[in-house]
Amino acid sequence: DYYVWEETCRFIAGLKKKGYPRCPISVNVSRAHFYGKELCEKLEELIEKYQLEPDDIELEITETICAEDPDIIYKKIEKLQQAGFKIAMDDFGSGYSSLNMLKDIPLDILKMDLKFLDGGDNEEKSHNIIKTLIVLAKSIDLQVVVEGVEKEEQIDFLRDIGCRYSQGYFYSKPIECDALETKLREQTAHE
């Protein structure tokens, strides 16, 4: 994880030096790091080393991290937030999501799993659930990102219900750093 965090910071710093617009990148933080003593300090060192801002990277956790020892985890999350880092819960809805968890955990971003969009025979019910969750998340000041978007109809639906952020294969499959930089260059040239 430390290697990935450092390479991410190095990449973002390179983009900034080349004059590209701000492009936060998410990195995963595992449960093991929350039990270590130096999580916040290690991330702050990387931010300082590469002359970044804490919100240049977003720290993604999963809902299972919060299942054990929530008091310890929540305190670490709050410490990271006080240092300026944004915390995202990844894959919300893929496991045993709890509304109680949303009430208690200090989050900045809620990343909803694509399974909410895959309604199958229950498309109307699926749409009503995601609509309600987006309204709920916004009412408690959470930014919402819907993951796994693959079709234009899904984008249209999300726009219609006020969801501003989504990610998935509709936009791009995972790409290497050079390809991302090329996309940023092309996007910047069109603006």
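Just so we're clear, the structure is a prediction, and the values are computed from it rather than from any experiment. Below, all heavy atoms of this structure are taken into account, side chains as well, without hydrogens, waters or symmetry copies.
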Practice item. To the nearest 0.5 angstrom, please state how far the CG atom of L180 sits from the CD atom of E176. Key: 11.0 Å
Check your understanding: What distance separates E181 CD from L184 CG, expressed to the nearest 0.5 Å?
Key -> 7.5 Å
Review point. So Q167 and K111, side-chain hydrogen bond (donor to acceptor under 3.5 Å, both in side chains) or not? Walk me through it.
Key: CA-CA 9 Å; Q167 71 181 57; K111 298 183 88 173; 3.1 Å; yes
Practice item. First locate atom CD of E7, then atom CD1 of I25, and finally report the distance between them rounded to the nearest 0.5 Å. Key: 11.5 Å
Exercise for review: Heavy atoms only: give me the nearest V146-C163 pair and the separation to one decimal.
Suggested key: CG2-SG, 3.8 Å
**Study point:** Residue pair C9 / I47: nearest heavy atoms and the distance that separates them
**Key:** SG-CD1, 4.4 Å
Exercise for review: Indicate the atoms forming the closest heavy-atom contact of L158 with S166, along with that distance.
Suggested key: CD1-CB, 4.0 Å
Point to revise | Minimum side-chain heavy-atom gap F34-I65 below 4.5 Å | key: yes
Review point. Just how far is it from atom NZ of K86 to atom CD1 of I57, taken to the nearest 0.5 Å?
Key: 13.0 Å
Check your understanding: Is a side-chain N or O of W5 found less than 3.5 angstrom from the main chain of N28, in a donor-acceptor match?
Key -> yes
Check your understanding: Do any N or O atoms from the side chain of Q154 and from the backbone of E150 form a donor-acceptor pair under 3.5 angstrom?
Key -> yes
Practice item. Check whether any side-chain heavy atom of K16 lies under 4.5 Å from a side-chain heavy atom of L52, and answer yes or no. Key: yes
Check your understanding: Does the side chain of T8 reach to within under 4.5 Å of the side chain of L46, using non-hydrogen atoms?
Key -> no
Practice item. Start with the C-alpha gap between E6 and Y50, add the side-chain angles, then the distance that decides, and say whether side-chain hydrogen bond (donor to acceptor under 3.5 Å, both in side chains) holds. Key: CA-CA 9 Å; E6 178 146 18; Y50 292 98; 2.6 Å; yes
Exercise for review: Taking the side chain as every heavy atom from C-beta outward, state whether R185 and Y20 have any pair of such atoms under 4.5 Å apart.
Suggested key: yes
**Study point:** Closest approach of K151 to F170 (non-hydrogen atoms, all atoms of both residues)
**Key:** C-CD1, 3.8 Å
Review point. Cluster question for you: counting only ILVMFWY and a side-chain heavy-atom cut-off of under 4.5 Å, with indirect links fine, are I130 and L136 together?
Key: yes
Check your understanding: Just wondering, are more than 12 heavy atoms of other shown residues or ligands nearer than 6.0 Å to CZ in R10?
Key -> yes
Review point. Can I77 be reached from I140 by stepping across I, L, V, M, F, W or Y side chains whose heavy atoms are under 4.5 Å apart?
Key: yes
Check your understanding: Going hydrophobic residue to hydrophobic residue with side-chain gaps under 4.5 angstrom, can you get from V145 over to L102?
Key -> no
Review point. Considering residues, nucleotides and ligands other than E41, do more than 12 of their heavy atoms fall under 6.0 Å from its CD?
Key: yes
Check your understanding: Taking C-beta and beyond as the side chain, do D56 and P24 meet within less than 4.5 Å on heavy atoms?
Key -> no
Check your understanding: Just how far is it from atom OG of S30 to atom CG of D1, taken to the nearest 0.5 Å?
Key -> 4.5 Å
Practice item. Please name the pair of heavy atoms, one in I61 and one in V29, separated by the smallest distance, quoted to 0.1 Å. Key: CG2-O, 4.1 Å
Review point. When you check the gap from the basic side-chain N to the acidic O, do R22 and D55 get nearer than 4.0 Å?
Key: yes
**Study point:** Rounded distance [0.5 Å steps], NZ in K79 versus SG in C40
**Key:** 5.5 Å
Practice item. Side-chain contact test, heavy atoms from C-beta onward, threshold under 4.5 Å: evaluate it for L43 versus L59 and give yes or no. Key: yes
**Study point:** Pairing of K75 and E78 as salt bridge, 4.0 angstrom limit
**Key:** no
Review point. Are V4 and F11 grouped together when hydrophobic residues (ILVMFWY) are joined by side-chain heavy atoms under 4.5 angstrom apart?
Key: no
**Study point:** Under 3.5 Å side-chain donor-acceptor pair for D108 and Q81
**Key:** yes
Exercise for review: Provide the closest heavy-atom pair for Y35 versus K76 in the form atom of the first, atom of the second, distance.
Suggested key: C-NZ, 4.1 Å
Check your understanding: Does one hydrophobic cluster hold both V135 and V144, with members joined at side-chain heavy-atom distances below 4.5 Å?
Key -> no
Exercise for review: Please determine if K173 forms a cation-pi arrangement with Y169, meaning its NZ or CZ atom is less than 6.0 Å from the six-membered ring centre and no more than 45° off the ring axis.
Suggested key: yes
Review point. Between I87 and I109, is any pair of side-chain heavy atoms under 4.5 Å apart?
Key: no
Review point. What's the verdict on side-chain contact (heavy atoms from CB on, under 4.5 Å) for E147 and D90, showing C-alpha distance, side-chain angles and the deciding distance?
Key: CA-CA 9 Å; E147 301 178 296; D90 194 24; 2.5 Å; yes
Check your understanding: Going by the angle between their ring planes, with limits at 30° and 60°, are Y2 and H33 parallel, tilted or perpendicular?
Key -> perpendicular
Check your understanding: Under a 4.5 Å cut-off applied to non-hydrogen side-chain atoms, are Q143 and L110 in contact?
Key -> no
